[in-house]
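What follows is a single structure, written as structure tokens, with notes after it.
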Amino acid sequence: QVQLVESGGGLVQPGGSLRLSCAASGLLFRFLGMGWYRQVPGKQRERVAVITSGGSTNYADSVKGRFTISRDNAKNTVYLQMSSLKPEDTAVYYCSADAVHLSGGGSRNYWGQGTQVTVSS
């Protein structure tokens, strides 16, 4: 089975930085696209940034120029470097990954448990 474990959330002041990590694991699975999403109470989950296995990236307009997504394919780990944080970035951040089993079949989407990011003075 696939597991995604996030880390790095916490409380930070406006203008500060945080780095989120998400380690994916799964015997005989290959990880394809990975990404970060966030959700605040009462709102839909929104995409923050995604990255393909080849390194192509895409960002939400609200985080462009402030957040950077990257991945280490050897470690099946995706990162989100967040800078110039604003109070409106406060949310639970979720890691997502598409994975395919090496025995065949289509890809499936998996989610981490989420990590809280709070931007407040």
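Only a predicted model underlies this, so the values are computations on that prediction, with no experimental measurement involved. The figures that follow rest on heavy atoms only: side chains count, while hydrogens, waters and symmetry mates do not.
Using a 4.5 Å heavy-atom threshold, the side chains of Y79 and I69 count as separate. In this structure, Q39 and Y94 have side chains that are in contact, with non-hydrogen atoms separated by less than 4.5 Å. Annotation: side chain of M82 is in contact with side chain of Y93 (closest heavy-atom distance under 4.5 Å). Proximity of I51 to V78: side-chain heavy atoms (C-beta onward) are separated by under 4.5 Å at one or more points.
Within a 6.0 Å sphere centred on CD of E88, other residues, nucleotides and ligands contribute more than 12 heavy atoms.
A donor-acceptor contact shorter than 3.5 Å is absent between the side chain of S103 and the backbone of H101.
Side-chain N/O atoms of N58 and R47 include a donor and acceptor closer than 3.5 Å.
Between T90 and V40, the shortest heavy-atom contact is O-CG1, 3.1 Å. Here the closest non-hydrogen pair linking R38 and D89 is NH1-OD1, 3.0 Å.
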Identify each donor-acceptor pair in which a side-chain atom of residues 3-17 lies under 3.5 Å from a protein atom, sequence neighbours left out, and give them as a table.
| from | atom 1 | to | atom 2 | distance (Å) |
| --- | --- | --- | --- | --- |
| E6 | OE1 | Q113 | N | 3.0 |
| E6 | OE1 | Q113 | NE2 | 3.3 |
| E6 | OE1 | G114 | N | 2.7 |
| E6 | OE2 | C95 | N | 2.6 |
| E6 | OE2 | G114 | N | 3.3 |

Run the side-chain donor-acceptor check on residues 18-37: report pairs under 3.5 Å with partners two or more places apart or on a different chain.
none

